[in-house]
Protein chains: 2
Amino acid sequence: MEVVTVPDVMASTGYLLFKAGVLAQRGLDSVLTEMGLSYREFLVLAFTSAEELSQQDVARRLSTDPTLIVNTVDALEARGVLERTRDPRDRRRYVLVVTAEGRKLLAKTAKLAAAAEGEFLAPLDDDECRQLGCLLRTVLTPKLSWLAEAETDVDVEAGTGTNARANG
Amino acid sequence: MEVVTVPDVMASTGYLLFKAGVLAQRGLDSVLTEMGLSYREFLVLAFTSAEELSQQDVARRLSTDPTLIVNTVDALEARGVLERTRDPRDRRRYVLVVTAEGRKLLAKTAKLAAAAEGEFLAPLDDDECRQLGCLLRTVLTPKLSWLAEAETDVDVEAGTGTNARANG
DNA sequence: TATTGTTATACTCTATAACTATA
DNA sequence: TATAGTTATAGAGTATAACAATA
């Protein structure tokens, strides 16, 4: 044990938000490691379970490079949770289809992820939890167009225009 | 524009928290790029400005490997914002000292970072902003021991024990 | 013998360009 | 010619081990 002075920067809301994001992700990471999934594999599985997408579509959803999707789909396919099927109307495209086993894996992973989230937010009561979600939505809605109508069919632009980095 | 279904996972509080953290960090990143600082350089500067630390001390504060601090300090020293000074009581240690120029750089960077934070949180009014900060503190306090008495002298354990990754 | 700082090496992840097959 | 998918290569960032100087 030693005594330190906390720099002002570390006490700002922005830094706390960043730190909370990192720690929340760490909880998710441990769940994903447990399920043998990388973060990108998890996202690909989640997106392709919701609609019929090609690898290019997935790349656009994730704001990432299409070449990074190849290995990801390879791994998911080798595991038997995702399948490449040729689009008969455009034989260049693969339509990615989640298998029955893939849906089971995704359901179990999502359940564990929700549990990890609950554990992370444990210091808050139900009401505070809702408040936090509400505040985050207010902050993020102008930045993530799809959030405005979350959990329904919404418009989304293909690329965000900002620096396309490999984060979900 | 195309229509997509937002997977449930993407609407969870945990994911929003992660996403907010990523976007908040992106704002900070652009400030740091503008100032010619890496994120790690910024943190080293912030920590060493608050107290006298050796490179090992800094590594422990950042929960990162000491070998990564070497290049960081090299860069800061080459820029004239930080200096290595031998500790006369233990000639193995360097005590890292922020120069006058370094303090000016840090002050300017912190000011820009605060502005970026304000811009990021713009959708919230002052009261909501405080609420968010309060909720984040409640969530993080059990996880970050130093937060309990932020902005004062506090006890901190050297290592968090958790997986030591290279994040601030 | 343990610790501080340093260097060198290997490994992971990502970005870029080039290639094929379809349109 | 343009697009979907693939491959190969190079680069950045990180982790690991080994080393010299000091305690």
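This is a predicted model, so every value here is computed, not measured. Just so we're on the same page: letters track the sequence lines, and every chain starts at 1.
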- Task: Quickly work out the B:Leu53 CG to C:dT4 C1' distance and round it to whole Å.
- Result: 14 Å
- Message: Let me spell it out: for each of A:Asp87 and A:Asp65, pick the nucleotide of DNA chain C with the closest heavy atom. Which residue's pick is nearer the 5' end?
- Response: A:Asp65
- Query: Which pairs with one or both residues in residues 97-109 of chain B pass side-chain hydrogen bond (donor to acceptor under 3.5 Å, both in side chains), sequence neighbours excluded?
  - Reply: none
- Item | A:Arg84 side-chain N/O to D:dT6 phosphate OP1/OP2 under 4.0 Å | yes
- Task: Measure from the ring center of B:Phe18 to the ring center of A:Tyr39 and say whether it is less than 6.0 Å.
- Result: yes
- Item | B:Leu76 CG - C:dG5 C1' separation (whole Å) | 16 Å
- Message: At less than 4.0 Å, is any side-chain N or O atom of A:Arg92 found next to OP1 or OP2 of D:dT6? Yes or no.
- Response: no
- Task: Could you tell me whether the phosphate oxygens of C:dC13, OP1 or OP2, come under 4.0 Å of any side-chain nitrogen or oxygen in A:Arg40?
- Result: no
- Would you mind reading off the distance between B:Leu96 atom CG and C:dT6 atom P, rounded to a whole angstrom? 9 Å
- Query: Among C:dT4, C:dT6, C:dA23, which nucleotide sits nearest the side chain of B:Gln56?
  - Reply: C:dT4
- Query: Atom OH of A:Tyr39 and atom P of C:dC13: how far apart are they, to the nearest Å?
  - Reply: 15 Å
- B:Val70 side-chain proximity, nearest of C:dT6, C:dT16, D:dA23: C:dT6
- Message: Using heavy-atom distances to pick each residue's nearest nucleotide on DNA chain C, tell me which of B:Val73 and A:Asp90 is more 5'.
- Response: B:Val73
- Message: Rounded to whole Å, please give me the gap between OH in A:Tyr94 and C1' in C:dA23.
- Response: 16 Å
- Message: Side chain of A:Gln55, heavy atoms from C-beta onward: which of C:dT6, C:dA15, D:dG5 has the nearest atom to it?
- Response: D:dG5
- Message: Quick check: any donor-acceptor pair below 3.5 Å linking the side-chain of B:Arg93 to the base of C:dT4?
- Response: no
- With side chains defined as the heavy atoms from C-beta onward, is the minimum distance between B:Leu23 and A:Val139 less than 4.5 Å? no
- Message: Please report the distance, rounded to the nearest Å, between CG in A:Leu68 and P in D:dA4.
- Response: 16 Å
- Item | Sub-4.5 Å side-chain heavy-atom contact between B:Gln55 and B:Arg60 | no
- Whole angstrom value for the distance that separates C1' of C:dT4 from CD1 of B:Ile69: 13 Å
- Query: Is there a donor N/O on one and an acceptor N/O on the other, under 3.5 Å, for the side chain of A:Arg91 and the base of C:dT22?
  - Reply: no
- Message: What I'd like to find out is whether the side chain of A:Val81 reaches to under 4.5 Å of the side chain of A:Val98, using heavy atoms alone.
- Response: no
- Task: Identify whether any heavy atom of A:Thr67 sits under 4.0 Å from a base atom; if not, whether one sits that close to sugar-phosphate; answer base, sugar-phosphate or nothing.
- Result: base
